[in-house]
Amino acid sequence: MSGGSDGVVDVVVIGSGPVGTAVARELADRDLALRVLVLEAGQALGDPAGGHVKNIADAKERDRVLAGLATGPEPLPGGTPARPGTVLVGAPDMPNAAMSTNVGGMGAHWTAACPRPVDDEVPDCIDPAVLDEALTRAEELLAVTTHAFDRAPLTGAVQTVLGQLFDGPHRRPVGAMPVAVTVGEDGALHWTGPAIIAGDLWQRPNVELRTGTLARRILLDGDRATGVEVVDLASGERSAIEARAVVIAADAFRTPQLLHASGVRPAALGRYLTEHPQVMAASLLDEKYVPEGALVDVDLPRSSAAAPGGGAIVPVSGVSWVPYAADRPFHGQVMQMDASPMPLDPGTTVRPGQVVGLGWFCKKELSPDNRVWLDDDAVDEHGLPAIRIDYTLSDADQAAIEAAKAEIAAAAAALGRPLGEPFVMPSGSSLHYLGTTRMGTADDGTSVCDPTGRVWGTANLYVGGNNVVPTATACNPTLTAVAIGVLTARTLAASLATLDVSEGAHP
Ligand SMILES: Cc1cc2nc3c(=O)[nH]c(=O)nc-3n(C[C@H](O)[C@H](O)[C@H](O)COP(=O)(O)OP(=O)(O)OC[C@H]3O[C@@H](n4cnc5c(N)ncnc54)[C@H](O)[C@@H]3O)c2cc1C
């Protein structure tokens, strides 16, 4: 790119996950002349950079790639090992809190469920029509469809049973989950990673993805960001990059970390941390829904992600959706499996898709006391203030979890034979972390940025990610965060085109 390491770039975007990549893509699409530099601490996990690891066809190669990712802290009491592609933060209050450091961020590992927010999940500080259009753009960028699992046997039966339980007035009907997954000509599933969002972005002359480069500090002159201090993680060499504007999309833990390290500390920074308490259950679909002999010859292609032992999401899986509604505040994600992930009675024959896994995400009450905070007396491996988490479930949260357990138990029973009791996952398991740089309409101490993502008290410093979502939600957040990132990029591109930031105007 013409900016290069020594020149001034127009926008530095920090983080190459779905949001950082979408911001860069929208900026570059809006104005081909903009020089956009994306900084990513991690490395590419394959070719293309930012591709989903499940698309790596060779299982051994996939395992090798995942094994090569840095290992983090051991599981804490009450927690479980980190999901592949992530490392644990190491926070006792949220033992399964995790993050990914690689090109594509968590978006190289995600399950790709992309429901739209609805009712009180929708941030009311964005015009609903504007958000709606941005969600459509986000769906395009992520290649979201409800047809990826059309060939899954038994999905119709599952959706009928769940529809009878949960469909109702003012609710979206039970149906196929919108997923960022496409089906190739060979029938295999192709998972959207940020490489799909990027398209030809990294080949464009004015755009650069710089990997292995950690942003340590935003450089500021008064209320203006003037650039970013970075460290090349291979050589340890530090340098400064000048920029006309900066967007931080470095996840819900490291975005506040970077702001704090840079001395940008709005009162709400790190506060209102939420995630989705997760309740799980499984059921063996009743034989009455399984036409005799109908599935014996099923020979659908298995995805490259099929794992020995069962439980992988493959074309026979089917991913169904029990949508959130304000009067039923759980988001239900229902995945049929090719085999049971748990031992079944001897002699039980399981047909592909007959084991139904149910995951209910609960809406969590917002509280400023649930928060990420940065420890100035301790540093992480990069010398940045260490990430700490204060997080508790309120009485209302506990009640919501109990209600979700009852609901999911009813669903498991209606589907067939429940496989064990519903159980609650340790805090942090949803991998959806929201609120830590939330948006708001006024700089009143309850938000970190305005509805365009611009950090309060700054002229040209923006934040993106699930962390900007201000509402209590239950649905998977990435689609919403990408949509908001698209809007941030549009605001920024328009401002850079019309105003001269160097003269102090707000871009
Ligand atoms: C197994 C799994 C399943 C999931 N399933 C779903 C799902 O079905 N639906 C859904 O909506 N969401 C899901 N998620 C969550 C989803 O992946 C995240 O919401 C999404 O990736 C967030 O995008 P992001 O760009 O904001 O952040 P991230 O994807 O976390 O990317 C942040 C990037 O910033 C980089 N970074 C951080 N600090 C710095 C720094 N100082 N300098 C330079 N780079 C830095 C990181 O290395 C990382 O690459 C899942 C996640 C996982 C791991």
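Please read these numbers as outputs of a predicted model, since none were measured by experiment. Residues: numbered from 1 along the sequence shown. Just the heavy atoms: all of them, side chains too, but no hydrogens, waters or symmetry mates, feed the values below. Counting starts at 1 for both ligands and their atoms, following the listed order.
Distances shorter than 4.0 angstrom do not occur between any heavy atom of Thr255 and any atom of ligand 1. At least one heavy atom of Gly107 sits closer than 4.0 Å to an atom of ligand 1.
Atom numbering of ligand 1 starts at 1 in the shown order; those under 4.0 Å from a heavy atom of Pro477 are 11 (O). Numbered from 1 in the order shown, with element, the atoms of ligand 1 that lie under 4.0 Å from a heavy atom of Gly105 read 29 (O), 31 (O), 48 (C), 49 (O). Close contacts of ligand 1 with Thr111, meaning ligand atoms under 4.0 Å from a residue heavy atom, involve 3 (C), 4 (C), 5 (N), 6 (C), 8 (O). Distances below 4.0 Å separate heavy atoms of Asp251 from the following atoms of ligand 1: 30 (O). Listed by atom number, the atoms of ligand 1 under 4.0 Å from Leu431 heavy atoms are 1 (C), 2 (C), 15 (C), 51 (C), 52 (C), 53 (C).
Pairing each heavy atom of Arg490 with each of Glu26, the nearest pair is NE-OE2, 3.0 Å. Closest of all the heavy-atom pairs between His331 and Pro115 is CE1-CG, 3.5 Å.
Taking only nitrogen or oxygen atoms, main chain and side chain alike, Ala112 reaches within less than 3.5 Å of ligand 1. Of the N or O atoms in Asn466, one or more lie within a sub-3.5 Å distance of an N or O in ligand 1. Backbone and side-chain nitrogen or oxygen atoms of Pro18 are examined, and one is located within less than 3.5 angstrom of a nitrogen or oxygen of ligand 1. Considering both main-chain and side-chain atoms, Val19 comes within under 3.5 Å of ligand 1 through a nitrogen or oxygen pair. Ligand 1 has an N or O atom lying under 3.5 Å from an N or O atom of Glu40, backbone or side chain. Considering backbone and side-chain atoms alike, Ala215 places an N or O below 3.5 Å from some N or O of ligand 1.
Lys363 and Glu121 are not joined by a salt bridge, as no carboxylate oxygen comes within less than 4.0 angstrom of a charged side-chain nitrogen. Look at Glu40 and Arg210 and you find no salt bridge, because none of the NZ, NE, NH1 or NH2 atoms lies under 4.0 Å from a carboxylate O. Between Arg254 and Asp251 a salt bridge is recorded (basic side-chain N to carboxylate O distance below 4.0 Å). Between Asp132 and Arg116 there is a salt bridge, since at least one side-chain N of the basic residue sits less than 4.0 Å from a carboxylate O of the acidic one.
With a 6.0 Å cutoff to the six-membered ring centre and a 45° limit on the axis angle, Arg328 counts as a cation-pi contact of Phe166. Tyr462 does not carry Arg454 over the face of its six-membered ring by the limits of under 6.0 Å from the centre and within 45° of the normal.
Nearest to atom 48 (C) of ligand 1 by heavy-atom distance, out of Ser100, Gly17, Gly15, is Ser100. Of the listed residues (Asn476, Thr478, Val319), the one carrying the non-hydrogen atom nearest atom 19 (O) of ligand 1 is Thr478. Taking only non-hydrogen atoms, the option from Gly359, Gly465, Cys475, Ala250 nearest to atom 38 (N) of ligand 1 is Ala250.
For Gln203, the CD atom counts as densely surrounded, since its 6.0 Å shell holds more than 12 non-hydrogen atoms of other residues, nucleotides or ligands. Arg172 CZ: more than 12 foreign heavy atoms inside a 6.0 Å radius.
If you look at Ala41 next to ligand 1, the close heavy atoms, those under 4.0 Å, come from the backbone and the side chain alike.
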